Amino acid sequence: MTRRIDIVEVGPRDGLQNDPATLTTDQKLDFITRLEAAGVRRMETGAFVSPRAVPKMADSGDVFRRLDRSRPTRHIALALNEKGVRRALSAGADEINFVLVAGEGFGRRNQGMSPQDSADMLALCAPLIHEAGVPLSATISVAFGDPYDGDIDPAIVANLAAQAQRAGAAEIALGDTIGVATPWDVQARVARVRLEAPDVYLRAHFHNTRGAGLANVFAAVEAGIDVIDASCGGIGGCPFAPAATGNVATEDVVYMLHRAGFETGIDLDRMIDTATWLQGTLGHEISSSLSRAGGFPTG
Ligand code: COA
Ligand code: ZN
C-alpha cells in the first residue's frame, strides 16, 4: 500500500502572520477556499494571540466564524494562553494547537514565558480544551535552536513533549522556527522525543531559512513522521524571530513526496495555481521552487 503523508497547510497562519502584505478577511477566506479546493483537509487557519503582538492575526475570530463548514477541513487555531484558548473555542476551532517554547530567549520575547511557563500554561488550559471535546496538539517552537540563546538541549525538547503528552496532547510538532535544523539533528531529536513521549503522534514543522527545509522533511519522513506542516508559496515566518523566513513550501513538499510515490491528497497543479494567485494577491514574489519551475515535465 502507498504510504500516506498528511500535509497541514499553515499558510493562513504562519504564512500570513509575518508577510509584509496584509490580506483582508475576505482575501483570507478566498485563500482558504483555494487551499481546500487543492485538497487541503487540515489547516492552521488563524491565531488567537494578542492583536498588539501579531496584528495580522487580529481578525482570526472573523475568519473562523465565516468559514464554509460544508467542507470537511479541520481548521486549527493557534493559542498560547488561556485567553487565546477561550477565544479559539468560542470561534469554533476544530483543533487547538498550543505553542510550547524550548528556548528562554525566544520564549520571553514571543510570549513572555520560559519553557516551563509554557508547559504550565498548557497544563492549565488543557482541561478547558478537553471539556469542549476539541482535539489538542502542541508545537514545540525553537526546538532546534533559539535566535537569542543558540543551541537547545534535546533534553528540554523531550521534557516538554512528555509534559504535553501528560496534558493530553494527541500530537506534537517539533518546530524549527528559525530554520537551523539539519536532517541528522531531526532524526536524533525525533528518537529522543519518542523515548520520553511514546504515546503521541509526531508532526514536523520546518522553515527553509537556511536551505535545509526539504532535506529535513526527508529526514522526518524517514524517521516515521507522517504529518508535515507546509505553507503555500513558502511564505511566512515568526515576527519575533530576527530574519525569519517562510515554511517549506507546500507545493515543493508535495512534489517531492509524489515523485517518491507517497500520497498526500493534494492536487499539485491546483496548489501551484494557488501559490501563483497568492503571489499576485500579496504583491511580491514568493519563494517556492515549484511556482517557478512547474511540476515534472509530462513530455
Ligand atoms: N488574545 C487577545 N488578547 C490577549 C491575549 C489573547 N490570547 N492574551 C493576552 N491578551 C491581551 C490582554 O487582554 C492584555 O490586554 P490589555 O493590555 O488591553 O489589558 C494584553 O494582551 C497583555 O496581556 P498579558 O497577559 O499581560 O500578556 P503579555 O503582554 O505578557 O503577552 C501574549 C503575552 C502571549 C498575549 C503575547 O506575547 C502574544 O500574544 N504573543 C503571541 C506571539 C505569537 O503569536 N507568535 C507567533 C506564533 S508562535
Ligand atoms: Zn513556524
Side-chain angles (χ1 to χ4, degrees), residues 7-19 43-64 76-91 93 96-103 105-115 117-122 124-125 128-129 137-147 160 172-181 203-210 213 216-217 220 228-250 253 287:
I7 302 291
V8 175
E9 168 62 49
V10 299
R13 198 283 300 172
D14 207 345
L16 294 181
Q17 74 176 4
N18 196 37
D19 197 88
M43 185 187 305
E44 217 170 72
T45 306
F48 292 84
V49 298
S50 157
R52 237 176 309 163
V54 188
K56 305 215 182 215
M57 291 291 111
D59 63 344
S60 286
D62 292 336
V63 170
F64 270 82
I76 307 171
L78 194 91
L80 299 79
N81 62 9
E82 185 179 342
K83 182 164 184 179
V85 166
R86 289 189 187 280
R87 287 179 57 218
L89 292 174
S90 82
I96 305 268
N97 186 40
F98 199 92
V99 180
L100 298 174
V101 64
F106 181 75
R108 292 275 164 223
R109 287 165 182 88
N110 185 62
Q111 62 213 76
M113 295 179 202
S114 69
D117 291 341
S118 71
D120 292 344
M121 186 61 87
L122 171 58
L124 177 86
C125 294
L128 286 174
I129 301 167
S137 56
T139 292
I140 302 177
S141 61
V142 298
F144 295 87
D146 179 299
L160 288 172
I172 295 172
L174 300 186
D176 184 18
T177 311
I178 58 167
V180 290
R203 172 162 53 89
H205 180 102
F206 298 120
H207 284 258
N208 197 32
T209 316
R210 291 171 179 80
N216 291 333
V217 171
I228 304 290
D229 285 357
S231 152
C232 177
I235 62 165
C238 179
F240 300 94
T245 61
N247 296 87
V248 286
T250 310
V253 173
S287 63

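Both counts, for ligands and for their atoms, begin at 1 and track the order of listing. Since this is a predicted model, take the numbers as computed values, not measurements.
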Is the backbone of Ser114 close enough, under 3.5 Å, to the side chain of Asp117 for a donor and an acceptor to pair up by distance? yes
Does a side-chain heavy-atom distance below 4.5 Å link Glu9 with Thr45? no
Let me confirm one number: the CG-OG1 distance from Asp176 to Thr209, rounded to the nearest 0.5 Å. 7.0 Å
Using distance alone, determine whether Lys83 and ligand 1 share an N or O pair under 3.5 Å. yes
With heavy-atom distances below 4.0 Å as the criterion, list the atoms of ligand 1 near Ala53. 38 (C), 39 (O), 40 (N)
For Pro51 and ligand 1, answer yes if some heavy atom of the residue is under 4.0 Å from a ligand atom, otherwise no. yes
Expected output: side-chain Thr139 to main-chain Leu100 donor-acceptor under 3.5 Å: no
For His207 and Asn247, work out which heavy atoms get closest and say how close. NE2-ND2, 3.3 Å
Give me the nearest non-hydrogen protein atom to atom 25 (O) of ligand 1 as residue plus atom name, then the distance to 0.1 Å. Asn81 ND2, 5.0 Å
Protein non-hydrogen atom below 4.0 angstrom of atom 16 (P) of ligand 1 present: yes
Between CG of Asn97 and CD of Glu44, what distance do you get to the nearest 0.5 Å? 5.0 Å
Show which atoms of ligand 1 fall inside a sub-4.0 Å distance from at least one heavy-atom site of Gln17. 46 (C), 47 (C)
Quick one: report the N, O or S atom of Asp14 that is nearest to the Zn ion (ligand 2). OD2
What distance do Gln17 atom CD and Leu78 atom CG have between them, rounded to the nearest 0.5 Å? 7.5 Å
Atom 33 (C) of ligand 1 protein-contacted, heavy-atom criterion under 4.0 angstrom: yes
Tell me which protein heavy atom sits closest to atom 37 (O) of ligand 1, plus the residue, atom name and distance to 0.1 Å. Asn110 O, 3.3 Å
Measuring only between side-chain heavy atoms, which start at C-beta, is Asp120 closer than 4.5 Å to Leu124? no
Working to the nearest 0.5 angstrom, can you tell me the gap between Ile235 CD1 and Thr250 OG1? 9.0 Å
Has Ser141 got a side-chain atom pairing as donor or acceptor with Gly175's backbone, closer than 3.5 angstrom? no
Of all the atoms in ligand 1, which lie at a distance below 4.0 Å from a heavy atom belonging to Arg87? 1 (N), 2 (C), 6 (C)
Sidechain N-carboxylate O distance under 4.0 Å for Arg203, Asp229: yes
Residue His205, metal the Zn ion (ligand 2), N/O/S under 2.8 Å: yes
Exercise check, heavy-atom protein proximity under 4.0 Å to atom 3 (N) of ligand 1: yes
Quick check on contacts: which atoms of ligand 1 are under 4.0 angstrom from a heavy atom of Phe48? 6 (C), 7 (N)
Tell me the closest heavy-atom pair linking Ser60 and Gly46, and the distance in Å. OG-CA, 3.4 Å
What heavy-atom pair brings Leu80 and Met121 nearest, and what distance separates the two atoms? O-CG, 3.5 Å
Heavy-atom distance from atom 27 (O) of ligand 1 to the protein below 4.0 Å? no
For atom 45 (N) of ligand 1, is some protein heavy-atom partner under 4.0 Å away? yes
Atoms of ligand 1 close to Gln111 [distance to a heavy atom under 4.0 angstrom, numbered from 1]: 33 (C), 34 (C), 37 (O)
Val49 N/O under 3.5 Å from ligand 1 N/O: yes
Heavy-atom distance from atom 40 (N) of ligand 1 to the protein below 4.0 Å? yes
Closest protein heavy atom (residue, atom, distance) for atom 22 (C) of ligand 1: Arg52 NH2, 5.0 Å
Under 3.5 Å between some N or O of ligand 1 and some N or O of Val99? no
Check: Arg108 side chain, Gly103 main-chain N or O, donor-acceptor pair, under 3.5 Å: no
Geometric N/O contact Gly112 with ligand 1, under 3.5 angstrom: no
What is the nearest protein non-hydrogen atom to atom 47 (C) of ligand 1, stated with its residue, atom name and distance? Arg13 NH1, 3.5 Å
In this structure, CG of Leu122 is separated from CZ of Phe98 (nearest 0.5 Å) by 5.0 Å
What closest approach, in Å, do Asn208 and Thr245 show between heavy atoms, and which atom pair accounts for it? C-OG1, 4.1 Å
Between ligand 1 and Leu78, can you find any atom pair, the residue atom being a heavy atom, that is separated by under 4.0 Å? yes
Glu82 heavy atom under 4.0 Å from ligand 1: no
Show which atoms of ligand 1 fall inside a sub-4.0 Å distance from at least one heavy-atom site of Gly84. 7 (N)
For Ser50, is at least one N or O under 3.5 Å away from an N or O on ligand 1? yes
So, does Met57 sit close enough to ligand 1 that a heavy atom of it is under 4.0 Å from the ligand? no
